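Structure, as structure tokens:
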Amino acid sequence: MSIDLCRWRLEKAERTFKEGEQLLDVGFYNGAINRFYYAAFHAVRALLALKKLDSAKHSGVISLFNREYVKTGVISKEASKTLSTIFAMRSEADYDDFKSFSLQEAADARKAVRSLIDEVSAYFAGIS
């Protein structure tokens, strides 16, 4: 069951990432940031499913990810940094008045989140 849930969440991460790319392509950078964050979030929750862990709060998911996968050296510190950064960016994009991300910021977020998803997918491929 946890393998199936992990696979499903990774597929959801990929679909959400594609939504972000589409928004980026048409110039909706704040929307792209939102989707890139959720793509990373779904990828991280995919890993947590392998250990039957989850949290109702985004901060809880991030904390569990760091404790179970980053501090143990399974996933890179760079992935942790990406997740924290994109979480903060998503909050700004969604809630801060007058915040507009640039093409460069959204493109950089895309690249970082792609790397995170690829790292999670490689780990999953190695154990499944």
Side-chain angles (χ1 to χ4, degrees):
M1 174 63 181
S2 62
I3 293 286
D4 291 337
L5 182 56
C6 179
R7 186 175 291 112
W8 188 87
R9 286 179 177 171
L10 275 176
E11 290 167 3
K12 188 172 185 178
E14 290 292 350
R15 288 191 307 273
T16 305
F17 185 82
K18 287 177 187 169
E19 291 170 5
E21 289 185 311
Q22 290 171 343
L23 289 166
L24 181 64
D25 288 346
V26 296
F28 294 122
Y29 306 134
N30 283 27
I33 295 291
N34 174 286
R35 300 325 292 155
F36 292 143
Y37 166 70
Y38 277 100
F41 180 73
H42 295 314
V44 167
R45 286 186 71 229
L47 282 180
L48 294 178
L50 295 172
K51 294 189 175 194
K52 296 181 171 75
L53 297 171
D54 205 1
S55 175
K57 293 186 170 201
H58 289 248
S59 59
V61 167
I62 293 168
S63 178
L64 286 169
F65 168 67
N66 285 329
R67 185 185 79 201
E68 298 293 325
Y69 289 97
V70 178
K71 287 183 180 171
T72 59
V74 173
I75 299 293
S76 70
K77 289 180 181 173
E78 189 62 30
S80 175
K81 181 181 173 192
T82 293
L83 185 60
S84 295
T85 299
I86 195 73
F87 175 63
M89 291 173 76
R90 194 274 311 180
S91 294
E92 287 181 73
D94 288 352
Y95 303 117
D96 286 6
D97 293 332
F98 308 114
K99 178 61 181 176
S100 294
F101 283 97
S102 68
L103 168 61
Q104 188 61 56
E105 290 170 313
D108 290 347
R110 178 204 176 280
K111 182 179 178 184
V113 170
R114 179 74 264 163
S115 180
L116 182 152
I117 294 170
D118 289 348
E119 187 175 352
V120 170
S121 295
Y123 173 77
F124 179 67
I127 63 158
S128 59

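All values derive from a computational prediction rather than experimental measurement.
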What is the distance from atom CZ of Arg45 to atom CG of Leu5, rounded to the nearest 0.5 Å? 7.5 Å
According to side chain to side chain contact (heavy atoms under 4.5 Å, CB included), who are the partners of Ser63, at least two apart in sequence or on a separate chain? none
Start with the C-alpha distance between Tyr123 and Leu50, add both sets of side-chain angles, then the distance that settles side-chain contact (heavy atoms from CB on, under 4.5 Å), and finish with yes or no. CA-CA 11 Å; Tyr123 173 77; Leu50 295 172; 4.0 Å; yes
Side chain proximity check, Thr82 to Val113, heavy atoms < 4.5 angstrom: yes
Heavy-atom pair with the smallest gap, counting every atom of Ser55 and Gly60: OG-CA, 3.4 Å
Using the rule given for side-chain contact (heavy atoms from CB on, under 4.5 Å), can you reason through Gln104 versus Tyr29, listing the C-alpha separation, both sets of side-chain angles and the distance that settles it, and then say yes or no? CA-CA 9 Å; Gln104 188 61 56; Tyr29 306 134; over 6 Å; no
Do you know which two heavy atoms are closest between Leu24 and Ala107, and how far apart they sit? CD1-N, 4.1 Å
For Leu47 and Tyr69, which heavy atoms make the closest approach, and how far apart are they? O-OH, 2.7 Å
Rounded at 0.5 Å granularity, tell me how far CZ in Phe36 sits from CD in Glu21. 5.5 Å
Work out which heavy atom in Ala39 is nearest to a heavy atom in Ala13; give both atom names and the distance. O-CB, 3.3 Å
Report yes if some heavy atom in the side chain of Phe124 is under 4.5 Å from a heavy atom in the side chain of Ile3; otherwise report no. yes
Between the CZ atom in Arg110 and the CZ atom in Arg35, the distance rounded to the nearest 0.5 Å is 15.5 Å
Whether Arg114 engages the ring of Phe17 as a cation-pi pair (distance to the six-membered ring centre under 6.0 angstrom, angle to the ring normal within 45°) should be assessed. yes
Would the distance check show the side chain of Glu119 and the main-chain N or O of Ser76 forming a donor-acceptor pair, the cut-off being under 3.5 Å? yes
Return the minimal non-hydrogen interatomic distance between Ala109 and Ile33, and the atom names on each side. CB-CD1, 3.7 Å
Any sub-3.5 Å donor-acceptor pair from Arg90's side-chain atoms to Tyr37's backbone N or O? no
Applied to residues 59-88, the salt bridge (charged side-chain N to carboxylate O under 4.0 Å, His left out) test, sequence neighbours excluded, yields Lys51-Glu68
Looking at Lys111 and Asp108, does any basic side-chain N land under 4.0 Å from a carboxylate oxygen? no
Do Phe41 and Tyr95 belong together in a cluster built from hydrophobic side chains that touch within less than 4.5 Å? no
Straight-line distance of Phe101 CZ to Met89 CE, nearest 0.5 Å: 4.5 Å
Taken to the nearest 0.5 Å, the spacing of Ser84 OG from Ile62 CD1 works out to 5.5 Å
Side-chain heavy atoms under 4.5 Å apart, restricted to Ile/Leu/Val/Met/Phe/Trp/Tyr: what other residues fall into the cluster of Phe28, or is it alone? Leu23, Val26
side-chain contact (heavy atoms from CB on, under 4.5 Å) partner of Val61, chosen from Asp54, Asn66, Leu83: Asp54
Check whether Leu48 and Trp8 end up in the same hydrophobic cluster, where Ile, Leu, Val, Met, Phe, Trp and Tyr are linked by side-chain heavy atoms less than 4.5 Å apart. no
Is the count of non-hydrogen atoms from other residues, nucleotides or ligands lying under 6.0 Å from Lys18 atom NZ greater than 12? no
Using every non-hydrogen atom in the two residues, find where Ala93 and Asn30 come nearest and quote the distance to one decimal. O-ND2, 3.5 Å
Let me confirm one number: the OG1-CZ distance from Thr16 to Arg9, rounded to the nearest 0.5 Å. 12.5 Å
